[in-house]
There are 2 protein chains.
Amino acid sequence: MSVSAYELSLQMTRTPRLDDRRERLLDAAARLFREHGYERTSVRQLAEAVGILSGSVFHHFSSKEEILLEVMRSTIERMIARLREASDSGAAIEEKLFNLIRAELELLHGPTRDGVAVTFFQWHSLGQDNQRSILSMREDYEKIWLNALEQARKQGLIDTDPFVTRRLLTGANGWTIYWYKADGPLGLDALASQVCQLMLKPASVAESGV
Amino acid sequence: MSVSAYELSLQMTRTPRLDDRRERLLDAAARLFREHGYERTSVRQLAEAVGILSGSVFHHFSSKEEILLEVMRSTIERMIARLREASDSGAAIEEKLFNLIRAELELLHGPTRDGVAVTFFQWHSLGQDNQRSILSMREDYEKIWLNALEQARKQGLIDTDPFVTRRLLTGANGWTIYWYKADGPLGLDALASQVCQLMLKPASVAESGV
DNA sequence: CAGTCTACCAAGCGCTTGCTTGGTTAGCAA
DNA sequence: TTGCTAACCAAGCAAGCGCTTGGTAGACTG
C-alpha cells in the first residue's frame, strides 16, 4: 500500500453519522470469520478491512469476543424475524414447512449468509458464558421449528420425533454452506424441494418453485 | 504440579517400543482438537497431555499442521474400512443402507469419535494443499455412499438425487456430534432408524434394533 | 565396551496476538 | 470562540505462539 490507512480515512467523511463504522466492522467481521474462522482472523485484519488501525477497533468493541458475540446476536434476531415471517404466512402445514425450509436456506445463502454461517458453526469460539447466552437466543428460533414440526406430526405428515427431526434437519441445512453454490445449476427452490421430499412422508411434497 | 514432566517421564519406561508415543500424541491431539479446536489447542497443551515438553513434539512431527493432517489421514482410513465392511455385509439394499447409516453414526460416537469429529469439522484449519489432499481421500469414502444411494434410487427406494441426498445426509449425521449423547435415552440403533425413516420412501424401514 | 541412535529436556528465538495508553483531529453546541 | 466529545492514530506492552538448537540419558548393536 502506498497510502496509509490514516490518509485513506481522511479521504472519507470523518465521524460518519451514527455508528455506521460499527456496522461496517460487524459486516467485515462476519465475512472474515466465515471465510477464515474466528481465531484465524486477527483484529489487525479486521481493522484493515474497514480502513482503520487495530487499536481503533477497541473504541467500538471492548474485546474481540464481543464482536463475535454481536455478530451472532444480531444475526439470530434476523433469523428469528425471517423464520417467523415464513411460519405465519403459509396456511397449509405442508406449505408452511416448505416455506420454513426455504427460509432457512435463504438465510444460509442470501445476503445474511456470512453471519448465519458463523452463528451455525463457530459458537464454540465463544467463552462458556457467551456460548450459553447465544444458545438461549437460538432456542426462540428452534421453538418456531418445533411448533411447526409438532403440528406436522399431529397431522400425520411426519412420523418421526420432532426434536430429533429438527436436529437432523439443522445439520442437513447447515452443511449446505459447504457444498451448495447459489449460482450453480441447482436453484434454491429445487434444493428446498429435495429437503422437503426427505422430510415429508407421502408424495404430497410442495412442488411450488423451480 | 509438584512433579515435573521430566520426572514423570522417567517413571515410565523410557524409549517405549515402536512409535507408541506417536500414537499417544495422535490420540491426545484428536481429543484436544475435538474439544477445543485446532487453533485453540497449543503444542504445549498437547505435549503436556502425553507428559513431554513442547519441543519434543517436533521430534515426532515436523509441524503442528502435520499432526492434524495425520489425525485426519488415519481416521479416514478407518472410516473407509468400517464403511466398506457395512457396505459388503448386507444383502438387501434396505438393510445395506441401514448398516451404512449405523456405521457412520458409530464412527461419530464410538471410540473413533474424536478423530472423526475433527475430520468432519476442522478441515478448514489445514492449508490449501493439505485440504485438497484430505478431500481427495474422503472421496473414496463418499464413493461407497454414492454407489449405495445410486443402487437404492434404481430400485425405487429413494426418489431424490443421490448426490444431493448424500450431502444432506452428511450434514444430518455429522451434526449429531453436537447434540446426540451416546449414553442418553436414545440408542444408536434408534437414531439410525430415525435417519433411515427420513431417507427411505415407504414404510419399508429396517426396524432391526431397539 | 565403544559407537550409534532414539527420545527427550532446557532454553529461548522471532513473531504475532489481543489489547492499552496518550495524544490528536474533526465536528458540533453553547 | 471556546469547550466537549466521538473517532481515530501511533506506539508499544505482555503474553503466548510454533518451532529451533544443542546437549544428554538410556537402550541397542557390533
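Residue numbers start from 1 in every chain, and the chains themselves are labelled A, B, ... in the order their sequence lines are given, proteins ahead of strands.
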May I have the distance from [X] (atom [atom1]) to [N] (atom [atom2]), rounded to whole angstrom?
X        : N       : atom1 : atom2 : value
Phe61(B) : dC19(D) : CZ    : C1'   : 15 Å
Ile67(B) : dC19(D) : CD1   : C1'   : 11 Å
Lys64(A) : dC19(C) : NZ    : C1'   : 12 Å
His60(B) : dC9(C)  : NE2   : P     : 9 Å
Ile52(B) : dA11(C) : CD1   : C1'   : 16 Å
Leu25(A) : dC19(C) : CG    : P     : 14 Å
Glu66(A) : dG18(C) : CD    : P     : 15 Å
Arg40(A) : dC17(D) : CZ    : C1'   : 14 Å

To the side chain of [X], which of [options] is closest?
X        : options                  : result
His59(A) : dC9(C), dA6(D), dG18(D)  : dA6(D)
Ser56(B) : dC9(C), dG18(D), dC9(D)  : dC9(C)
Phe58(A) : dT20(D), dC9(D), dG18(C) : dG18(C)
Arg44(B) : dG18(C), dC9(C), dC19(D) : dC19(D)

For this session: Look at all strands and tell whether Ser42(A) reaches a base, only sugar-phosphate, or nothing, counting heavy atoms closer than 4.0 Å.
Result: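 Sugar-phosphate, no base atom in range.
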For this session: Look at all strands and tell whether Ser63(B) reaches a base, only sugar-phosphate, or nothing, counting heavy atoms closer than 4.0 Å.
Result: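 Sugar-phosphate: the residue Ser63(B), judged by heavy atoms under 4.0 Å, touches backbone atoms but no base.
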Problem set entry | Close approaches to DNA chain C from residues 28-39 of chain B, in residue order (heavy atom, under 4.0 Å) |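 Those residues whose heavy atoms fall under 4.0 Å from DNA chain C, taken from residues 28-39 of chain B, amount to none.
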Exercise. Considering only heavy atoms, which members of residues 125-133 of chain A lie under 4.0 Å from some atom of DNA chain C?
Worked result: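 None, since no heavy atom is under 4.0 Å.
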Exercise. Can Lys143(B) and Glu139(B) be counted as an ion pair, charged N to O under 4.0 angstrom?
Worked result: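 Glu139(B) and Lys143(B): not salt-bridged.
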For this session: Give a yes or no on whether the ring-centroid distance for Phe121(A) and Trp175(B) is below 6.0 angstrom.
Result: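 Between Trp175(B) and Phe121(A), which both carry aromatic rings, the centre distance is below 6.0 Å.
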For this session: Give me the one residue out of Glu77(B), Glu104(B), Arg84(B) that meets side chain to side chain donor-acceptor pair (under 3.5 Å) with Tyr141(B).
Result: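 It is Glu104(B), the one option of Glu77(B), Glu104(B), Arg84(B) that forms the side chain to side chain donor-acceptor pair (under 3.5 Å) with Tyr141(B).
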Problem set entry | Side-chain donor-acceptor contact under 3.5 Å, Arg132(A) with Ser136(A) |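 Checked: Arg132(A)/Ser136(A) side chains show no N/O donor-acceptor pair below 3.5 Å.
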Exercise. Can you check side-chain contact (heavy atoms from CB on, under 4.5 Å) on Leu188(B) and Tyr180(B), steps first, answer last?
Worked result: CA-CA 9 Å; Leu188(B) 211 72; Tyr180(B) 176 73; 3.4 Å; yes
